[in-house]
S.K.: 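Here it is, the structure, as structure tokens.
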Amino acid sequence: MRVIDSHTGGEPTRVIIEGGPDLGHNSMAERRKLFARKFDNFRTKSIREPRSSDAAVGALLCEPVDPKNTAGVIFFNTAGFLGMCGHGTIGLINTLAYLGKISEGIHYIETPVGVVQAELLSDNKVRIENVASYRFRKNVTVHVPEIGDVTGDIAWGGNWFFLVQDSPVELITDNIIDLTYKSLCVRRALAANNITGKNGAEIDHIEFFGPSKLNGVNSKNFVMCPGGAYDRSPCGTGTSAKVACLADDGKLNEGESWLQESIVGSVFEASYRKNSAGEIIPSITGSAYICGEARLIFDENDPFRLGMP
Ligand code: PYC
């Protein structure tokens, strides 16, 4: 299996460019189902320790259904599969540029939750136009036994998020262990109380927000991803969910920019436009850097060839 590693604002992406499972020619949503049902060991062996880590997102590069699109992709991590991944798309576009497959300009990428537009700009920058994003429920209060009552919004940005405006813990790197623990407690409490996204979808991402100390930056966040790792980047789908909530509250106008800082200090620039159906289409701009190229080896005798449990 051949992979290219990159990071987007500190958050790793591993793109499988060769040696992935053969998932046929259906839509990315169908291929993701097949991936999960029959080939989950490709996910675990490529992304779990000892070959990668809990923080990384994997991206299986696929032939698109529509040849007019540049590529298809299925995102996953150590815990399971993702719908969309903003930082991962920025990493994927830089990976395709590194491989000499694309140049600056607009590209279309098929994902299991829809087609996203990605524009490769100069200096490793990529601007993605995400899938339509929206707030599903506002001001939902959940009792979290370890914290008390926590109130947040439930929103879709390509994944399901619970967005807590006032972080229960100060957003500094020294507090990452506490932020991790408390965000996992919130996620557990949402599930225990049957609080879900649309159609009973599990809310698998938790976002805590607070003020940023960076000049001109609107907000800082901590994002817990499915599994137990936090997003080192400001999270493309999470920032899309945030933009949808801001738009709904009348706090961000169409075309206006929102700068979102991550817990480690990386920043995405976000804005949105409304499509003809009046839906919010967020744009997220960030940079990614290639940091590795490898052939993964799975020794028959290696007890952890399929990854750590
Ligand atoms: O950037 O959308 C994102 C993302 C999702 C999970 C990790 N990063």
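Counting starts at 1 for both ligands and their atoms, in listed order. Since we're looking at a predicted model, the values are computed, not measured.
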S.K.: Going by distance only, is there an N or O of G86 that falls short of 3.5 Å from an N or O of ligand 1?
M.R.: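 Such a contact does occur with ligand 1.
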S.K.: Looking at F39, is R43 sitting on its ring face, NZ or CZ under 6.0 Å from the six-membered ring centre and within 45 degrees of the normal?
M.R.: no
S.K.: Counting only heavy atoms, which portion of C235 has something under 4.0 Å from ligand 1: side chain, backbone, both, or neither?
M.R.: both
S.K.: I want to check a possible cation-pi pair here: K45 against F42, using under 6.0 Å from ring centre and within 45° of the ring axis as the test.
M.R.: yes
S.K.: One thing to verify: whether D153 and K138 come together as a salt bridge, which I'm taking to mean a side-chain N less than 4.0 angstrom from a carboxylate O.
M.R.: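 No, this pair does not count.
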S.K.: Got the closest protein heavy atom to atom 7 (C) of ligand 1, with its distance?
M.R.: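 Looking at atom 7 (C) of ligand 1, the protein heavy atom closest to it is D231 OD2, 3.2 Å.
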S.K.: Give the atoms of ligand 1, by number and element, whose distance to some non-hydrogen atom of C225 is under 4.0 Å.
M.R.: 6 (C), 7 (C)
S.K.: Between F76 and L296, is there a shared hydrophobic cluster once you connect ILVMFWY residues whose side-chain heavy atoms come closer than 4.5 Å?
M.R.: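 Yes, one cluster joins them.
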S.K.: Using a strict cut-off of 4.0 Å, indicate which atoms of ligand 1 neighbour a heavy atom of T237.
M.R.: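 Selected atoms, number and element: 2 (O), 3 (C), 5 (C).
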S.K.: Kindly indicate whether a cation-pi arrangement holds for K220 with F209, taking the cut-offs as under 6.0 Å to the six-membered ring centre and within 45° of the axis.
M.R.: no
S.K.: Examine G236 against ligand 1 and note whether any of their N/O atoms are separated by less than 3.5 Å.
M.R.: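 Checking ligand 1 against G236, an N or O pair does fall under 3.5 Å apart.
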S.K.: Polar contacts were defined as any N/O atom of the residue lying under 3.5 Å from an N/O atom of the ligand; does this apply to H87 and ligand 1?
M.R.: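 Indeed, backbone or side chain, H87 has an N or O that close.
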S.K.: Treating N69 as the side-chain partner and I109 as the backbone partner, does any N or O pair qualify as donor plus acceptor under 3.5 Å?
M.R.: no
